[in-house]
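See below for the structure under consideration.
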Amino acid sequence: MELLQLHYFKKVAELEHMTHAAEALNIAQPSLSKAISRLEEDLGVKLFERYNRQIKLNENGRIFLRRVEAVLHELREARRELDESNQKNDHTIRLSVTIPRVLPDLISGFLKEEPQVHFKQYVQSVPKMTEKLRSGELDFCISSVPIQAEDIKWRPLMTEEILLIAPPGHWLETKSHISLYELRDEAFVSMNEGYGIRNLTDKYCQLAGFKPHIAFEGDEPGVIGELVDKGLGIAFIPSVSLIGNKTAHLPVIRLQDPICERTIGLAWSTRRYLSPIAEKFQGFLSDYFKVLEEKLRKTVAHRSSET
DNA sequence: ATCTGTTCGCCTCTGTGTAA
DNA sequence: TTACACAGAGGCGAACAGAT
């Protein structure tokens, strides 16, 4: 069995079309047909069902494909590891985050220690993140939603409080704490459904016994504070949103019954080789978020006591 | 007529065994 | 270690069969 045959098989399995696969592989179609036949002969089983002019991957083919993908993945990782140990890589860390607000401080902090590192940041949905972690297109994801999938490890980095902001002059302005249920008749400004923070706060409201009345929803976290400021409604915000000055003048109220929190975590693929620099970044993240968690706790205590 | 997969015949290249 | 013969895989174009 040849490595080349495995590459050919993978392409045919993907496209389920001999001619298209041959074009993609830049070889003549009969060569590909023969290579697949030889592979099947070698394995002693058919990997494809032939119906008239179509070929379809059969159960044997699906089983074999899973193994072939794992083998080819291992080989790619082996090459990466060798390149790394021979200093051929450019120290790139590919990162996706659901909380971009922390990025400038986080990255500049790490670059002070490791100036040769190059970061690539991507904005992605959690399902896309999972897919890209698995394929090796991403090294890490920092997400506020646990990523649970085979071969993916998700480790909590920090837990932060979810708070309430209200327009100046709102009756909540004088409160430092409020029970969630007392907000049942309020109008909310919120992120669209599907965003982690929205799903989480909907769940908390449901636990408190009501469905929030959403007066405005959007997909731009940066404008939530401004909309609240204009009096469109109140809004749930994670503590980390207190970083920056867009909400600096707005009353901040802490929630109770239940206490609302969310956990930020780091996800990576356990099947992939982590370069020494990536491992160092992992350690840096743990320390960074430990410090940030403490800083946010103090900021929340200070801001809520101002009301 | 066109499209698609297989088979055939041929050439080239590579790996392996053997002799010098 | 080198040179040579051989087998087998990979490549191609041509031809074929069968479906649309």
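Every chain is numbered from 1 and lettered A, B, ... according to where its sequence line falls, protein lines coming before strand lines.
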If I take atom [atom1] in residue [X] and atom [atom2] in nucleotide [N], what distance separates them, rounded to the nearest angstrom?
X	N	atom1	atom2	value
A:His7	C:dG11	NE2	P	12 Å
A:Ile27	C:dG10	CD1	P	9 Å
A:Lys56	B:dT4	NZ	C1'	15 Å
A:Lys34	C:dC16	NZ	C1'	16 Å
A:Ile36	B:dT6	CD1	P	9 Å
A:Leu32	C:dG13	CG	C1'	16 Å
A:His20	B:dG5	NE2	C1'	13 Å
A:Gln29	C:dG10	CD	C1'	15 Å

(request) Would you mind classifying the nucleic acid contact of A:Thr19 as base, sugar-phosphate or nothing, using non-hydrogen atoms under 4.0 angstrom? (result) sugar-phosphate

(request) Can you figure out which of C:dG10, C:dG13, B:dG5 approaches the side chain of A:Ala28 most closely? (result) C:dG13

(message) Using the side-chain heavy atoms of A:Met18, tell me which of these nucleotides is nearest: B:dT4, C:dG11, B:dT6.
(response) B:dT6

(request) Side-chain contact test, heavy atoms from C-beta onward, threshold under 4.5 Å: evaluate it for A:Glu293 versus A:Glu160 and give yes or no. (result) no

(request) Please work out which of the three classes, parallel, tilted or perpendicular, describes the rings of A:Phe140 and A:Phe281, given edges at 30° and 60°. (result) tilted

(request) May I ask you to decide whether A:Arg272 forms a salt bridge with A:Asp139, counting only side-chain N to carboxylate O separations under 4.0 Å? (result) yes

(message) If you assign A:Pro30 and A:Leu4 each to the DNA chain C nucleotide with the nearest heavy atom, which residue ends up on the more 5' nucleotide?
(response) A:Leu4

Taking 4.0 Å as the cut-off, does a side-chain nitrogen or oxygen of [X] come that near to OP1 or OP2 on [N]?
X	N	answer
A:Ser33	B:dT6	yes
A:Ser37	B:dT6	no
A:Tyr8	C:dA9	no

(request) Kindly say whether the aromatic ring centers of A:Phe9 and A:Phe48 come within a distance under 6.0 Å. (result) yes

(request) Look only at the side chain of A:Glu40 and the backbone of A:Leu47, and say whether a donor-acceptor pair between them is shorter than 3.5 Å. (result) yes

